[in-house]
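So the structure is just underneath, and the comments pick up after that.
Only this structure's heavy atoms are used, side chains among them; waters, hydrogens and symmetry mates stay out. Along the sequence shown, residues are numbered consecutively beginning with 1.
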Amino acid sequence: MSSQNTANPAVIYDARIAAAKTELGKLQKKQRIMPLLRLLSFAALILILVIGIALHISLVFLALIPVVGLYVRLGLVDAKIKNQIAEKEFFIQLNQNELSYLKGDFTPFDTGQQFLDSGHNYAHDLDIFGDYSLYRALNRTATPGGSRMLANWLSNAFGCRHEVEQRQEAFRELAPMLDFRQQCQLMFGETKPQDGDLEKLKKWLDSPSDNALLLRLKPLLFALPLFTFVSIVASSLGWLPLTLPAFCIALQLTLVMRFGRKIMQEHQAIGSQYTILKKYAGFLELVLNTPLKASWINQQKETLQGAQGQDPVGALRKLASLLNWMDSNLNILVAMVLNGLLMFNLHLLLRISAWKRLYAMQIPTWFAGIATIDASFSLANFTFNHPSFTFPMCKKDGFRLEATDLGHPLISEKECVTNSIQIAGTNQFCIITGANMSGKSTFLRTIGTNLVLAMVGAPVFASTFVFQPIAIASSIRTNDSLARHESYFYAELKRLKEIIEELAKGEPLLILLDEILKGTNSRDKQNGSVALIKQLMKYKPIGLFATHDLELGNLYNTYPNNIQNLCFEISITGNQLHIDYKLRKGVCSTLNASYLMRQMGITDE
């Protein structure tokens with residue numbers, strides 16, 4: 001069952017870039033004349049002033065009103081055009097990045113280096129994170145929560161096993177919705193939220209709000225500004241002395257200063273979050289207003305709807321607006337006027353405190369929902385970029401792994417040599433023999449990486465792929481450690497012990513091992529490898545073991561119902577080495593270490 005999208009993604013990206021560049025040219029043309037128009041309007045303003053002063057005609061000054069309005073309007077239009085240009089340039093960059101990806105260049109995207117864990121069950125071995133990794137190929141997240149969610153799915157793929165079909169339905173639906181997905185990315189633009197932003201918000205939400213004294217003064221917060229306004233009007237009419245409104249203004253400023261420390265603390269805690277909250281609100285609004293059919297994605301949208309009829313978009317925008325008003329305190333003149341007449345900061349404190357009481361419990365749920373939606377766009381984008389990839393069939397009636405034309409998802413489809421494999425039932429082991437560089441390790445990674453994709457609901461590089469979800473444990477890239485005083489061999493034994501302990505918990509496990517016990521001598525390695533496989537059989541896992549040790553193939557004679565011999569062959573004709581990377585049944589018959597050493601000038605014979 002292939003992905004829904006059958007169009008060539010490169011053609012679509014090229015068309016979007018071409019159309020956007022045309023629109024960008026028009027915007028840039030408009031923007032170039034804006035300084036001239038603003039200069040002319042400013043010149044008209046000066047001219048009117050000069051004429052009015054020179055001729056002593058006060059009515060001339062009335063003409064300033066529309067001219068000033070025009071000048072302000074042109075400034076707003078100029079700012080809007082600049083924003084549109086920036087958005088269009090980012091849109092072009094998004095699509096150019098996708099074209100780079102389709103050509104095998106992953107550099108525009110985050111490596112996920114922060115999620116690297118050399119002790120993980122499979123992530124290090126399968127290149128889930130890093131420079132040329134699955135995460136980097138997939139990641140199109142716009143939020144830090146989305147990045148963490150995607151990383152969690154990939155590093156805990158077995159944890160997604162109960163939602164495979166529902167996720168597939170969602171990614172199929174979202175894949176062709178390129179406009180919608182990229183609009184969501186555009187909401188955040190090039191300046192994405194950072195982890196520190198959310199941590200700051202969370203810390204503020206968790207902090208206590210002690211406004212008991214301010215709440216007791218609430219009647220005064222309305223009565224005193226009203227009295228001040230009345231006294232100002234009365235004194236301007238000569239009914240009351242000016243000292244009364246002056247006293248009222250001084251009293252209001254004094255009350256505001258009494259709570260100055262609290263106001264400053266609130267501003268320092270979340271004052272800088274205005275822009276970020278506006279972006280999250282825009283993202284939410286776009287997601288909630290876009291009709292979708294897939295049940296899994298709609299479940300995520302339901303978490304964003306808020307409890308008890310709460311409106312998350314309105315709530316975030318309200319908080320953003322309050323923070324924007326809080327920033328008005330940065331202008332001393334504005335702060336003096338607002339607080340001297342209205343005790344504005346105290347009203348602001350009360351409204352922010354009320355917002356916090358009303359929505360603090362919902363914020364984590366909303367941001368978790370945003371993270372899930374954001375991460376799902378990455379897998380939908382991967383689906384769109386690979387129309388020939390297949391959505392696997394997930395079976396839960398006994399272990400199966402059946403794949404035809406299986407390739408590594410990070411290798412170009414034009415260059416990748418595909419293979420097929422079939423494993424049915426537990427306590428099954430594939431001994432994969434082959435020469436150096438024949439493709440054994442890559443095949444192990446091909447199996448593991450596609451299985452990770454399958455379990456998170458994404459399409460895989462295969463014509464058909466039938467599987468039962470299963471936890472993965474691997475030992476492909478074992479490293480020694482000077483810091484921990486561990487030799488290569490000890491590190492390898494330690495990893496094998498961890499796998500045995502995992503099996504002892506009773507969970508089914510797919511084990512991927514590359515060259516068992518390669519840190520010891522040949523005879524010891526062979527004996528140890530045989531003993532290991534016999535020990536593993538007690539736990540009935542599924543194992544794929546790549547090895548140069550042809551003797552391991554003899555295990556088939558003892559365990560014909562459990563062992564399957566597969567191999568990658570090479571051929572040497574004269575001085576030419578030929579590797580076709582095709583998987584065959586049986587034990588490898590040709591090795592190439594001596595040949596390669598001669599070819600590289602290391603040995604003469």
Determine all donor-acceptor pairs shorter than 3.5 Å in which one atom belongs to a side chain in residues 286-294; sequence neighbours excluded.
unit_1	atom_1	unit_2	atom_2	d
N289	ND2	E285	O	3.2
T290	OG1	L286	O	2.6

Residues pairing under salt bridge (charged side-chain N to carboxylate O under 4.0 Å, His left out) where one sits in residues 397-410, two or more places apart or in two chains, turn out to be R400-E402

Contacts of type ring-ring contact (aromatic ring centres under 6.0 Å, His included), residue Y581, not counting sequence neighbours
none

Classify the ring geometry of F545 against F429: parallel below 30°, tilted from 30° to 60°, perpendicular beyond 60°.
tilted

Would you confirm whether T390, through its side chain, and A462, through its main-chain N or O, come within 3.5 Å as a donor-acceptor pair?
yes

Return a table of donor-acceptor pairs under 3.5 angstrom between the side chains of residues 496-507 and protein atoms on other chains or two or more places apart.
unit_1	atom_1	unit_2	atom_2	d
K497	NZ	E501	OE2	2.4
E498	OE1	R495	NH1	3.1

Report yes if the distance between the aromatic ring centroids of F344 and W325 is under 6.0 Å, otherwise no.
yes

Test item: side-chain donor near acceptor, W296 and E169, under 3.5 Å:
no

Not counting sequence neighbours, list each pair that qualifies as a side-chain hydrogen bond (donor to acceptor under 3.5 Å, both in side chains) and has a residue in residues 149-161.
none

Show me, pair by pair, the donor-acceptor contacts under 3.5 angstrom made by side chains of residues 108-117, not counting sequence neighbours?
unit_1	atom_1	unit_2	atom_2	d
D110	OD1	G112	N	3.4
T111	OG1	Q113	N	3.1
D117	OD1	G119	N	3.0

Describe, in one word, how the ring planes of F461 and F389 are oriented to each other, choosing from parallel (under 30°), tilted (30 to 60°) and perpendicular (over 60°).
parallel

Consider only side-chain N and O atoms of S147 and T141, and report whether a donor and an acceptor are under 3.5 Å apart.
yes

